[in-house]
Amino acid sequence: MKGVYCKEWNQGRRYIVKIEPGQKIKESLIQFAKQENIQNGVVVSAVGSVVKAGFRGIKSGAKLPITEPRMRIIELEGPLELVGLEGNLIASEDNGVDCHLHIMMAKSSGEVVGGHMFDAEIFASCEIMFTEILVSGVERHVSKTGGISTIYIEEE
């Protein structure tokens with residue numbers, strides 16, 4: 001299909017990852033991936049609470065590529081309920097792991113906010129269900145069109 005790329009992957013190891021108060025989600029997931037020698041993986045689900053959450057949204061009417069002036073950077077103090085976290089860890093071009101996550105949080109008022117997560121500090125606890133992805137020919141690169149890091153799938 002034109003404009004659509006795909007790559008079949010196999011499920012690898014499965015983990016329950018618990019992050020304690022004061023730790024940062026993204027930083028902890030990258031350390032976990034290094035410790036377990038994981039190149040690629042997906043966050044299946046996550047629950048918990050956070051403080052000091054940094055994330056971004058794309059401004060209304062923005063055009064490609066996505067650049068800083070086209071983003072709205074948001075930093076929230078908490079505590080906030082972690083009601084959703086999704087994303088992936090994909091091998092990066094520098095032989096590391098790039099962590100791309102989106103977060104949803106609930107304020108005490110019940111209002112839900114979220115977007116592309118820069119990082120968030122754990123308040124009481126964070127429980128993440130994580131699956132390793134076994135695949136080759138997939139890396140994250142900066143997209144010239146989109147202006148952001150995105151998955152690159154090697155053609156076979």
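In this structure, SG on Cys99 lies 5.0 Å from CG on Leu29, to the nearest 0.5 angstrom. Atoms CD1 and CG, from Ile133 and Asn88 in turn, are 6.5 Å apart once rounded to the nearest 0.5 Å. Atom CZ in Phe55 sits 12.0 Å away from atom CE in Met104 (nearest 0.5 Å). Atom CD1 of Ile128 sits about 9.0 Å away from atom OG of Ser45, to the nearest 0.5 Å. Between atom CE of residue Met117 and atom NE2 of residue His100 there is a gap of 10.0 Å, rounded to the nearest 0.5 Å. A distance of 10.0 Å separates CZ of Phe130 from CD of Glu36, quoted to the nearest 0.5 Å.
Placement of Leu82 and Tyr15 within a single hydrophobic cluster is found when ILVMFWY residues are connected by side-chain heavy-atom separations under 4.5 Å, directly or transitively. Connection of Ile30 to Ile122 is not established within any shared hydrophobic cluster, with ILVMFWY side chains joined at heavy-atom distances below 4.5 Å, either directly or through further cluster members. Grouping the Ile, Leu, Val, Met, Phe, Trp and Tyr side chains by contacts below 4.5 angstrom, directly or via other members, places Val113 with Val50.
Here the shortest heavy-atom pairing between Ala53 and Leu80 reads CB-CD1, 4.5 Å. Looking at every heavy atom in both residues, Ser49 comes nearest to Ala124 through OG-N, 3.0 Å.
By the neighbour-count criterion of 12 heavy atoms within 6.0 Å, atom CZ of Arg13 is densely surrounded, having more than that number from other residues, nucleotides or ligands. A 6.0 Å sphere centred on NZ of Lys52 holds no more than 12 heavy atoms belonging to other residues, nucleotides or ligands.
Using a 4.5 Å heavy-atom cutoff, the side chains of Met129 and Ile16 are in contact. Residues Ile38 and Phe32 have side chains in contact (heavy-atom distance under 4.5 Å, counting atoms from C-beta outward). Residues Leu85 and Leu101 meet the side-chain proximity criterion, which asks for heavy atoms closer than 4.5 Å. Side-chain contact between Val43 and Glu86: absent, with no pair of heavy atoms (C-beta onward) separated by less than 4.5 Å.
Using a distance-only test at 3.5 Å, with no hydrogens or angles considered, no donor-acceptor pair links the side chain of Asn40 to the main chain of Leu134. At distances below 3.5 Å, not a single donor-acceptor pair connects side-chain atoms of Asp119 with backbone N or O atoms of Gly54.
Relative ring orientation between Phe118 and His116 is described as perpendicular, the plane-to-plane angle rising above 60° on a 0-90° scale split at 30° and 60°.
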